[in-house]
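First up is the structure itself, then whatever we jot down about it.
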Amino acid sequence: MNGHQMTIATIDVETSFANGRAHSEAAKGSVLSAHDINYTVKEAKSCCRTKDKQILFNVTGIFKQGMTAILGPTGSGKSSFLDVLAGRKDPAGVSGQLLLDGKPVPKNFKCMVGYVVQDDVVMGTLSVRENFAFSAALRLPSSIKASERKERINNVIKELGLERCADTKVGNEFIQGVSGGERKRCNIGMELIISPPVLFLDEPTTGLDANTANTVLLFLKRLSRHGRTVIFSIHQPRYSIYRLFDSLMLLSQGHTVYHGPSHEALEFFTSQGYVCQEHNNPPDFFLDVINGDPTTFDRNAISLEKEIESDFENAAQSQHDKLVEGFRNSVWNKNLQEEAKGIYSTFEARGGLKGERYEAVNYATSFFNQMVVVARRALMNLIRNPQTSILTVATSIVFSVIIGAIYWQVSDDPIKGFKDRSGVLFFLIMNQLFFNMSAVEVFINERKIFMHENVSGFYRVSVYFLVKVIFDIIPLRMVPVIVLSVIVYFAVGLNPGADHFFLFAFCLFCTTVSAASLCFLISSIVRVFAVAQLLLALCYVLMMLLGGFLINFDSIGPWLHWAQYFSLFKYSLSILYTNEFKDRKFCSSSNSSICEFGNSYLTKQDMKFETQWDFWQNYLALILYAIILFTLSYIRLRTMKKTR
Ligand SMILES: Nc1ncnc2c1ncn2[C@@H]1O[C@H](COP(=O)(O)OP(=O)(O)OP(=O)(O)O)[C@@H](O)[C@H]1O
């Protein structure tokens, strides 16, 4: 079993999951065992060189029904081990064997288990019940009847003690919602809906006050009593929390320094010469020992104490080595290894499954069902979070009124008219681009929720992407464009005629969607909002400069001429100018015999406008621009690493 890659196969749990077993009896008392787990990552050394860094060293653990806490100093590998157990690490870096009830975990193990991430991943605009219904609609197989789903949701609400706030919105920065503890329980409930055989939680108490943390852990304890295997990483818990643990795993620098019943941990440390003072909190004491705190030594170990005083770091290291060695030779490890060996030999005796790759299991529901459920949530989110849309429309109205007032009924004079009209059109395109910069936060804000839901098997990447584009990005941009077009077009007095108005409005819409596609691409690549904004502003400024309207092409080197094809200004302004000036005669108001055709102005601007194709190719370019950038964003979403 040493050094082998993690094997992947399907197991019975999956079948029971698909059959929608009754909530209370599902996956009762599942045993997850990890055998000789090693985990290595590739660490970047320089720009093109990487080095292997081992994070976990031959970690063996058995996790039964009840609460198991994984404890250790910061950087000891708690989160890494939890992720490996939950199947959320790249299998390429993991070796060893994971067994669930003595059988290999399936390829989609991460979708079957519950994993409560540290961050908040519930939708604030939905109520607790609606969030659970969202999880149930996507993660339970379609074969489960609506009434059974409803019953499961009610059971989870009851199990987590959320009856009082079941129909309250979870809350976000705009909406007052449930309390911190209820919110955490709501995150847990999203996972419990599928009756997972094992529930993982990454530092469930982080960000909660002491009392709330206590309440959450009490609920977990109750869940574990009802037949669940609960495994979580935790930072220095208080005694009131520690006493709830059934089993404990202590890690130090990726090695196990204790794994066994939590109430026997002190005994193990005493056996190694470390005595916990009477009123000391055991978890604090364990961490102090692992961190090499000299006060944790037995008074008899004087020579070692001296060593610590002289060289603290070396002493901490030697204390770590001593603990690892101590545990390896302890009775606790002997029992653990024997039990693990028993499970492993049963698995081997069954034969057949080791090393085989079974087909990946599909999502619980169809593409169409996912589209409906995710789109419904997006629309509810849009309606219940109207601040963004209202602000966008209000800003659009104010801006349009200002533009209308400044450029009120522009003159038909060939000199003044050309200047004012081209000015307002240029300004409008610039506004459409910069006004859309808010779209860059779309994916940055939702990155965590998307990654969690996608990894947990809620929906396909394509579903999220299509819903985002069709029900979020496009509608949010359509209304302001209509408002702006109506106000500005008639206030400024642009080319009369319904056909010209619609061509104008359609051009602004295409420009907005193309700009939004660029925002979406950048937000799928960059994680930091400020950096994304800076990148976007840089792109727009370059587009403006190289679009051919602020500088004569003869003045730029030929080597830069290609850049114009990436400029949205080039296409959008070509449409708006042609729509406004082509075949129109502009005469001086003071002397009607002084007239000039708009065509001559277009020629001076180096614009092609003679044929229909000259005009329509710009729309085509804008549409292709949006399609290509949205496709690149989709590829980026698909290929991005979604596990840590
Ligand atoms: N992808 C990676 N590249 C390089 N080092 C990594 C990577 N992932 C984890 N590590 C390192 O592995 C060690 C264990 O990390 P891990 O996050 O599992 O620790 P932890 O015990 O959960 O820490 P904390 O309590 O601070 O969250 C750390 O030293 C961390 O820097």
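Bear in mind the structure is a predicted one, so any value in this text is a computation, not a measurement. In listed order, ligands and their atoms are each counted from 1.
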Test of understanding: given a 4.0 Å heavy-atom threshold, classify the contact between P73 and ligand 1 as side chain, backbone, both, or neither.
backbone
Would F443 and F450 count as a close aromatic pair, with their ring centres under 6.0 Å?
yes
Would you say K64 has more than 12 foreign heavy atoms packed within less than 6.0 Å of its NZ?
no
Work out whether the distance between some heavy atom of S76 and some atom of ligand 1 is less than 4.0 Å.
yes
Between D202 and Q118, what is the shortest heavy-atom contact and its length?
O-CG, 3.4 Å
Is it the side chain (CB and beyond), the backbone, both or neither of V41 that lies under 4.0 Å from ligand 1, heavy atoms counted?
side chain
So between L56, D90, T74, whose heavy atom ends up nearest atom 24 (P) of ligand 1?
T74
Strictly under 4.0 Å, does any heavy atom of K42 approach an atom of ligand 1?
no
What are the atoms of ligand 1, with element, lying closer than 4.0 Å to any heavy atom of S80?
15 (O), 16 (P), 18 (O)
Of all the atoms in ligand 1, which lie at a distance below 4.0 Å from a heavy atom belonging to K53?
5 (N), 11 (C), 29 (O), 31 (O)
Give the atom numbers and elements of ligand 1 that come within less than 4.0 Å of a heavy atom of E203.
25 (O), 27 (O)
Is there any salt bridge (charged side-chain N to carboxylate O under 4.0 Å, His left out) pair reaching into residues 522-531, and which pairs are they, with sequence neighbours excluded?
none
Evaluate E43 for polar contact with ligand 1, using N/O atom pairs at a separation under 3.5 Å.
no
Closest heavy-atom contact between H259 and W332?
O-CB, 4.3 Å
So the ring-ring contact (aromatic ring centres under 6.0 Å, His included) pairs with at least one residue in residues 178-219 (sequence neighbours excluded) are none
Distance flag, aromatic centroids of Y274 and F268, threshold under 6.0 Å
no
Is there a polar contact between ligand 1 and I55, counting only N or O atoms under 3.5 Å apart?
no
